[in-house]
*Asks:* 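Supplied in C-alpha cells, the structure appears directly below.
All values derive from a computational prediction rather than experimental measurement.
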Amino acid sequence: MGKSSRNKGKRGEIELAKALRGLGYAVARRGQQYCGANGDADVVGVPGMHIECKRVEALHLYDALAQAIGDAKDGELPVVMHRRNNCEWVAIMRLEDWGEATREYIAGRNWNESL
C-alpha cells in the first residue's frame, strides 16, 4: 500500500471516529492511534462492535467483511463502515449480526411485536 493510500485510510478513520462521536459514542477513536499495529479494529469505542473503516472509491465488499469477521473478538459484531468521495458513510454487516443488533434496539424501544 502506498503512502497516499495509507494517509487516506488514516484520514478516513479520523473522520469516521469524529462522526461516531457526533452520534454519541464519546470515546470513539482510531484503533491504531496509540499502539501501532496491535490487531484492534480500525475505529474503537463502540461497545460490542468491531469496526473496519474503508475510505475507498471501489470497495471489495466481501473481502472487507471477511477481514472484519476474521479480526472480530468473541462477542463483537463485525461491521464495515465505508464511504467514497461525495457520499455518506454506510455500515455493512452480515444479516444475522444486523438481526442481533436490531433485536436489542427494538427491545430497548419497547415497540410492538408486529414490527
*Asks:* With heavy-atom distances below 4.5 Å as the criterion, would you say the side chains of Asp97 and Glu76 are in contact?
*Replies:* no
*Asks:* Of all the heavy-atom pairs spanning Ala72 and Pro78, show the shortest one and how long it is.
*Replies:* CB-CB, 4.2 Å
*Asks:* Is there a side-chain contact (heavy atoms from CB on, under 4.5 Å) between Ile92 and Leu59? Walk through the geometry before answering.
*Replies:* CA-CA 11 Å; Ile92 302 155; Leu59 177 66; 3.8 Å; yes
*Asks:* When you group the ILVMFWY residues by side-chain heavy-atom contacts below 4.5 Å and let the links chain together, are Met93 and Val46 in the same group?
*Replies:* yes
*Asks:* What's the spacing between Thr102 OG1 and Tyr105 OH if we round to 0.5 Å?
*Replies:* 10.0 Å
*Asks:* Check the pair Val43 / Met81 against side-chain contact (heavy atoms from CB on, under 4.5 Å), numbers first and verdict last.
*Replies:* CA-CA 10 Å; Val43 176; Met81 296 196 178; over 6 Å; no
*Asks:* His60 and Gln67: side-chain contact (heavy atoms from CB on, under 4.5 Å), yes or no, with the steps?
*Replies:* CA-CA 11 Å; His60 297 281; Gln67 179 185 357; over 6 Å; no
*Asks:* What's the spacing between Arg29 CZ and Ile14 CD1 if we round to 0.5 Å?
*Replies:* 12.5 Å
*Asks:* I want to check something: taking the side chain as every heavy atom from C-beta on, are His50 and Val79 in contact at a cut-off of under 4.5 Å?
*Replies:* no
*Asks:* In Å, rounded to the nearest 0.5 Å, how long is the span from CG of Leu16 to CZ of Arg11?
*Replies:* 14.5 Å
*Asks:* Would you name the heavy atoms of Arg84 and Val56 that are closest together and state the gap between them?
*Replies:* CB-O, 3.3 Å
*Asks:* Start with the C-alpha distance between Leu20 and Ile51, add both sets of side-chain angles, then the distance that settles side-chain contact (heavy atoms from CB on, under 4.5 Å), and finish with yes or no.
*Replies:* CA-CA 11 Å; Leu20 290 169; Ile51 299 172; 3.9 Å; yes
*Asks:* Taking Glu13 first and then Arg55, would you say they form a salt bridge - that is, a charged N and a carboxylate O separated by under 4.0 Å?
*Replies:* no
*Asks:* Can you tell me if Asp42 uses its side chain to pair, donor with acceptor, with the backbone of Glu52 under 3.5 Å?
*Replies:* no
*Asks:* Side-chain heavy atoms under 4.5 angstrom apart, residues restricted to Ile, Leu, Val, Met, Phe, Trp, Tyr: same cluster for Tyr62 and Trp98?
*Replies:* no
*Asks:* Distance from Ile69 atom CD1 to Leu77 atom CG, nearest 0.5 Å?
*Replies:* 11.0 Å
*Asks:* Check the surroundings of atom CD in Glu88: do more than 12 heavy atoms from other residues, nucleotides or ligands lie under 6.0 Å from it?
*Replies:* no
*Asks:* Leu61 and Val80: same hydrophobic cluster, using ILVMFWY side-chain contacts below 4.5 Å?
*Replies:* yes
*Asks:* With rounding to the nearest 0.5 angstrom, report the CD to NZ distance, Glu15 to Lys8.
*Replies:* 10.0 Å
*Asks:* Looking at Asp40 and Lys73, what are the two nearest heavy atoms and their distance?
*Replies:* OD1-NZ, 3.8 Å
*Asks:* To the closest 0.5 Å, what do you measure between CH2 (Trp89) and CZ (Arg83)?
*Replies:* 6.5 Å
*Asks:* Are Glu100 and Arg94 side-chain neighbours, meaning at least one heavy-atom pair lies under 4.5 Å?
*Replies:* no
